Amino acid sequence: MSIAALASGTGTILEALLADGLPIDIVIVDRPCQAEKVAAAAAVPSVLVRREDFTAGFDRHSYTDQVVAALAPYAPQLVVMAGYGTILAQPIHDAYPGRILNTHPALLPAFKGWHAVEAALAAGVEETGCTVHVATLGVDEGPILAQEVVPVLPGDDPETLAERIKQVERRLYPATIREVLSQLSRGESLI
Ligand code: GRF
């Protein structure tokens, strides 16, 4: 089994996946970021498929074509997003149908989107959490594979709450990916 990881940020989730010994053969990033260094430290190649355009006119489809082309030589069985900052379009779902996973820092379907931690704080909830799910074209909408509750504590700010959630993601995501790999190796599909 071969896994491709997609990351954009500090790469601490990616680091946990690598530390778990998952067979990650390639890391794709959409911008220069710490995740490239995390990959290099584990001797895993990374490819920068640079997103140049952050305006409303961004050509998501052709950017996604570039990501699919970068992945192709590695022929991964599974694609895992680990804090990837670009929503990808249909071509990646055509290339890897039902084989793209994501971890989201909220209890989906609550608080979809990029600002899930801030949204949970703004809503005043006492509990939030994280969700591992199959990524589909609808953002944060695919079938849920695993969830875990994380408390919101008095005095939390976005940083403290995000870090408490990530501590769980660093355990739940690799464990769920392992489960998915066994399912795929038995020839079962995820959706
Ligand atoms: C994680 O909380 C993930 O759920 C979200 O982005 C964060 C990535 O964290 N999509 P890091 O950059 O790996 O530390």
Side-chain angles (χ1 to χ4, degrees), residues 3-22 24 26-42 44 46-51 54 60 64 67 78-89 92-93 100-123 125 127-153 156-180:
I3 301 177
L6 275 47
S8 303
T10 57
T12 69
I13 303 293
L14 173 65
E15 199 166 22
L17 303 183
L18 291 164
D20 191 79
L22 288 166
I24 296 174
I26 179 67
V27 173
I28 303 276
V29 297
D30 64 354
R31 67 200 77 185
C33 59
Q34 186 65 25
E36 293 174 294
K37 298 185 178 71
V38 169
V44 173
S46 60
V47 175
L48 172 60
V49 183
R50 194 170 191 136
R51 175 173 173 181
F54 286 85
R60 210 170 287 284
T64 303
V67 172
L78 191 64
V79 177
V80 302
M81 296 196 271
Y84 195 64
T86 298
I87 295 164
L88 295 173
I92 197 157
H93 299 286
I100 307 170
L101 304 187
N102 184 43
T103 177
H104 181 76
L107 294 173
L108 291 173
F111 308 124
K112 294 176 185 173
W114 191 245
H115 300 291
V117 177
E118 290 84 347
L121 278 174
V125 293
E127 288 181 335
T128 180
C130 56
T131 304
V132 178
H133 66 101
V134 181
T136 53
L137 195 57
V139 178
D140 299 326
E141 279 184 357
I144 291 171
L145 302 176
Q147 286 187 307
E148 199 166 311
V149 170
V150 174
V152 180
L153 300 181
D156 261 341
D157 60 28
E159 288 72 32
T160 58
L161 181 55
E163 180 53 29
R164 191 175 309 115
I165 294 169
K166 285 203 240 183
Q167 282 170 8
V168 176
E169 291 182 285
R170 292 180 196 120
R171 171 174 47 75
L172 187 65
Y173 201 23
T176 308
I177 293 170
R178 284 213 172 268
E179 190 55 39
V180 162

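What you see is a predicted model, and the numbers here were worked out from it, not measured in a lab. Each ligand, and each atom within it, is numbered from 1 in the order the structure gives.
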**Message:** According to salt bridge (Lys or Arg N to Asp or Glu O under 4.0 Å), who are the partners of Lys112, at least two apart in sequence or on a separate chain?
**Reply:**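 By the salt bridge (Lys or Arg N to Asp or Glu O under 4.0 Å) rule, Lys112 matches Glu141.
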
**Prompt:** Any ion pair linking Arg170 and Glu163 (charged N to carboxylate O, less than 4.0 Å)?
**Reply:**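 A salt bridge is present here (some side-chain N lies under 4.0 Å from a carboxylate O).
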
Do [X] and [Y] touch side chain to side chain, with heavy atoms closer than 4.5 Å?
{"X": "Glu36", "Y": "Val27", "result": "no"}
{"X": "Arg164", "Y": "Leu161", "result": "yes"}
{"X": "Val134", "Y": "Leu101", "result": "yes"}

**Item:** Neighbouring protein residues of ligand 1 - any heavy atom closer than 4.0 Å
**Value:**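 Residues near ligand 1: Gly9, Thr10, Gly11, Thr12, Ile13, Gly83, Thr103, His104, Pro105, Lys166, Glu169.
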
**Message:** Quick check for you: to the nearest 0.5 Å, what is the distance between Ile28 atom CD1 and Thr86 atom OG1?
**Reply:**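 Reported to 0.5 Å precision, the distance equals 12.0 Å.
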
